Structures are given as C-alpha cells and as structure tokens.
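One structure is given below, encoded as structure tokens.
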Amino acid sequence: MNPEIRVRFAPSPTGYLHVGGARTALFNWLYARHHGGKFVLRIEDTDKARNTQEAVQVILDGLRWLGLDWDEGPEVGGAHGPYFQSQREDIYETYFQKLLASGHLYEDGGAWRFRSLREIVVVDDIVCGRIEFDLSNPETHPDMTIRRPDGSWIFHFVNVVDDIEMGITHVIRGEDHLSNTPKHLELFKALGCQPPSYAHIPLILNKDGSKMSKRDAGASITGYIEAGYTPGALRNYLSLLGWSPKDNRELLELEETVNLFDLSKVNRKNAHFDLDKCLWLNTQHLTKLPLERFREMCLPFIKKAGIAFGQPEALDPVLAIVREKVKLCSEIPAWISYFFTEDYTFDPEAARKAFASPVVLERLTALVAAFDSVPEWSAASAEAALKHTAAELGAKPNELLLPTRVSVSGRPSGPNLFPMLEILGQKRTVARLRNAITTHAQA
RNA sequence: GACCCUAUCGUCCAGUGGCCUAGGACACUCCCCUUUCACGGGAGUAACACGGGUUCGAAUCCCGUUAGGGUCGCCA
C-alpha cells in the first residue's frame, strides 16, 4: 500500500466517453486501488467552445456506470481543486510568470512560445522502457506554443502545471502521448519540478486496425449503457486489452482485477477491439448476476417498452426462465412481452412453419382438450399431458412443440416450453391455443 | 517527410534461449446433450510478418526490410 501514489484521468469534454478513454481511466483507477493511492479526475476544458455541462456529465456518468469512483474531482471536491481547468486561470498565470521571469518564453505573433532546451530528453517509461528523444533540431522540433493570443492556454502547459499542482506521481495515459512526453519533461525541468513517472499504454483500434472514432461500433460508452451491457462485463473486457493476469483467466471480477493489476503486466501492442468477445463476456457476467440485480438491470428497458407488469417482483418468475437467453438487457422486452399481454402478435415466418401441416390444427385441438383437463397445472403435468396426447395421436412430442410455442407466444424461440406454460397458467395457455387454432384455421 | 512505438491463430491474451511438433479465450465448423432456439460438454480449422545474424539451441537476443500505429497544432 502506498498512500503517496496519486494518478489522474484527465479527459476533455468532447460530448462522449470513448472506450479508449474509459480504458485509460480504468487502468489509472486500478493502479490507484491496487496500491491504495488516490484517483483524481480532472476536466481539461480549456477549449471553451466544447465546454458544456452536458459534455462533462456524459463523462461523469460513464465513469460512474463503470464503477470508477474518483477520490478527488468534480462533484466530490478535494484539496487540490478546482478540478476544471477553466477555473484554474490564476494558477496558470502564476506558472506562466515563473517561466517568463526565468526567460523560457518569448512572444510570437501574439502567442507565447516555450523556448526548447534543445537537449536529448530521456523518457523512462514504465511500460515502454527507456526512450531517447533528440530535441536539438528546431526544424524538426519547433518550440511549442503554450498560450494563445487571446490569453487562453494550451494543453501541454496546463497539463504539466496541473500535474505539478495536484501532486500527480504517475501519469498513465494513451500511447498517443508518448511523443509529447519529452516536451512535458522540458516544462517540468524549466519549472524546477520533479516529473511524475510515466506509463504509456497501448491504444485501442478498430478490429480492422483503423483508428476508432465516435461513429465506430463500440466506441462510445453511452452505447453500452443503452444496449444493456453490465458494467462489470465491459470493465472486464477493457481490462484485458493490453493487460492480462498472465494465467489465461479471462472472466474476472472487479476485486480480483484490483488485486492482480500491475503496470508491469501491461503490454505494448495496440489492441484491436472485438465486440463479439465483449458480448460473450456480457453473457458470462449476466448469468452470474443474482436475480434481483438482473431485474434491476432490465427494469429500465422493460419500462421503456411499456410492458405492464405491476410490481417489479412480479417479473421475477419470467425473468428467471428467460435470462439464460438474454445477451443484452435491451433485448429483454422482446423475450418477455407476451407474458404480460394477450395482445401478442404472431411472427409470420414462425407461424408459417408451425402451421404448415394441416394436421397441426387437429393435433392442437386434441392438445387443448388434454390441457384443459389437467387437474393440477404445472410444468411437469403440462409436459405429461403433451406427451400423452402425442402418443395417442401417433405423433412425436417434438411435432407438437413448435406449434404450441408459437401459439402461446407468437415466437419461434423462447425459454423452455413447459416452465413457460406453467407461468402462463392453465387458463391462458388453453385460451391462447384456442385463439391460435381459430386464427390459423381461417388462414 | 522526420522522429517514436509495435509485430504469435481473423481478434484478445500466454510465451521472456531448450518444457513449443507454440497454450487459453472469442468467432467459425462438426459432434453430443436436449422439447425448438439458446445454454452446457467434446472435437476441429487457424499464428511465431520476411531476410540476415548471435548461439550447441531462437517465437524469445541483435541488425535490416516490410507492414501497422502514434507524434510533429495558436486540439486535447
């Protein structure tokens, strides 16, 4: 445990939280939690045009959904605030004056530039190792601008100042910043401050290797929330991009990941994002969820679909038998809607298959009679009745299954048939079968 | 273009000189289970980018080539 360790996630409010950013936040968070340090959230909103409350909220919501709580930052405060760069003008001004006084700055076209030290800068990266950058040639490494003519600040400068002011000990960020690091190191040196340790983690690209942008599938965290992923599954998947516990395990709970996580196990190769695997992990996490938690996750989607279910607990028996089918919670209304209304519709293709043979209606008629006279309705008694009827008709039980399923649910697939009939109840099962028979007799 | 990083199955991740005729997972194919679909179980297809070294021995070390990614902004 090292309470001295302080890491930060410093997103700019662009209006969405990118999976790459979420993974960076996750690694920072894991590092802090593993070592008992502090995880700081800082909003880099120096670009006033993009700085809206909604854009910030998307990031906060996304991080909270993933379970990445911050020890200092927006809405929670802390001793090193404010945590919005737009509110730290005075601090930047102070540091600016320091650099100005020490002769590191010069004006150029109204903007202020930092005069490079023109040295070989060594970046000793925790993940990438020791890398030398030769900044001696002004042609290839022009002096960086740190302040615009309108007085606003540039990323490199405020980023470094904030890391100093906030006591950041470890900067864990995307590899896209590796080439920026020598510039940042120059700033630390000019300011007379000790730089933090750096760890540049590999990037996340699309499955085909192209750069991932907002529009690409799986790029936005909001998309996962809306699709009904469990936060644990996405967090699990993201943790495995560029890192692994080294023992071939894949399905990891948060606590295990915190225990196992270490920067030394982070690899250097960019990862290609595979939504299929992420989906698979979701099914794994979904099945491990207690039923109450599963219900909570599904509830918003069920409400949104307008399903009249009464009390939330009333959903449980249905959820219990369909949950093994569900890959995403957004699918849940389609799996359960017919349990809660008599106004269900028949899938045309399923109906065509189920009622293709003329003998089907006769068989179903016999089945209705059998079902109607079952003394104590249950999955087992329904099954016995169906098998008995099939035997009497000289048919295989299988031949009655699809017609029955389509009749009572309108769908070709669903939970196991007999438990489903039990929940539906004897009366509704019989009524639905009768209704299906008359409907399809006409057709 | 310059500089930096990377290079194991389609994808993610093991592998850090001999245990590798390269292992696990997703996806895919097939089989089994089964009341459809799914789940579950089993099997299979599939990779060390290429060329040079170093070494008794290389996926592992070195060099080059190629490919991919990143940075070079008065974006972050």
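Each chain gets a letter, A, B and so on, in the order its sequence line appears, and its residues count up from 1. Fair warning: this is a prediction, and the values are worked out from it, not measured in the lab.
- Look at A:Arg434 and A:Asp372 and you find a salt bridge, because one of the NZ, NE, NH1 or NH2 atoms lies within 4.0 Å of a carboxylate O, short of that distance.
- Residues A:Trp70 and A:Tyr83 place their aromatic rings such that the two centres sit no closer than 6.0 Å.
- Among the atoms of the strands shown, base atoms are found under 4.0 Å from some heavy atom of A:His156.
- Distances were taken from every side-chain heavy atom of A:Asp176 (C-beta onward) to each of B:rU71, B:rC26, B:rC75; the shortest belongs to B:rU71.
- At the heavy-atom level, A:Asn137 lies nowhere under 4.0 Å from the strands shown.
- Among the protein residues, A:Asn180 comes within range of the nucleic acid bases, having at least one heavy atom under 4.0 Å from a base atom.
- Toward the 5′ end of RNA chain B lies the nearest nucleotide of A:Pro412, the other residue of the pair A:Pro11 and A:Pro412 mapping further downstream.
- Note: A:His184 and A:His156 meet the aromatic proximity criterion, with ring centroids under 6.0 Å apart.
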When every nucleotide of nucleotides 5-15 of chain B is labelled 5' to 3' by its protein contacts under 4.0 Å (heavy atoms), B for base, S for sugar-phosphate only, - for none, what sequence of letters results?
SSSS-BBBSSS
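- A close approach under 4.0 Å does occur between a side-chain nitrogen or oxygen of A:Arg148 and OP1 or OP2 of B:rA76.
- Listed nucleotides: B:rG73, B:rC26, B:rA76. Nearest to the side chain of A:His177: B:rA76.
- Out of B:rG70, B:rC74, B:rU35, the shortest distance to the side chain of A:Ile154 is found at B:rC74.
- In this structure, A:Lys183 reaches the sugar-phosphate backbone alone: every heavy-atom distance under 4.0 Å involves primed, P, OP1 or OP2 atoms, never a base.
- No close placement of the A:Phe261 and A:His34 rings is indicated, their centers lying 6.0 Å or farther apart.
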Under the side chain to side chain donor-acceptor pair (under 3.5 Å) rule, what do A:Asp208 and A:His272 come out as? Steps first, then yes or no, please.
CA-CA 7 Å; A:Asp208 66 5; A:His272 293 197; over 6 Å; no
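- Annotation: A:Lys325, atom NZ; neighbour count of heavy atoms from other residues, nucleotides and ligands within 6.0 Å is above 12.
- The residue A:Pro149 sits close to a base: some heavy atom pair falls under 4.0 Å.
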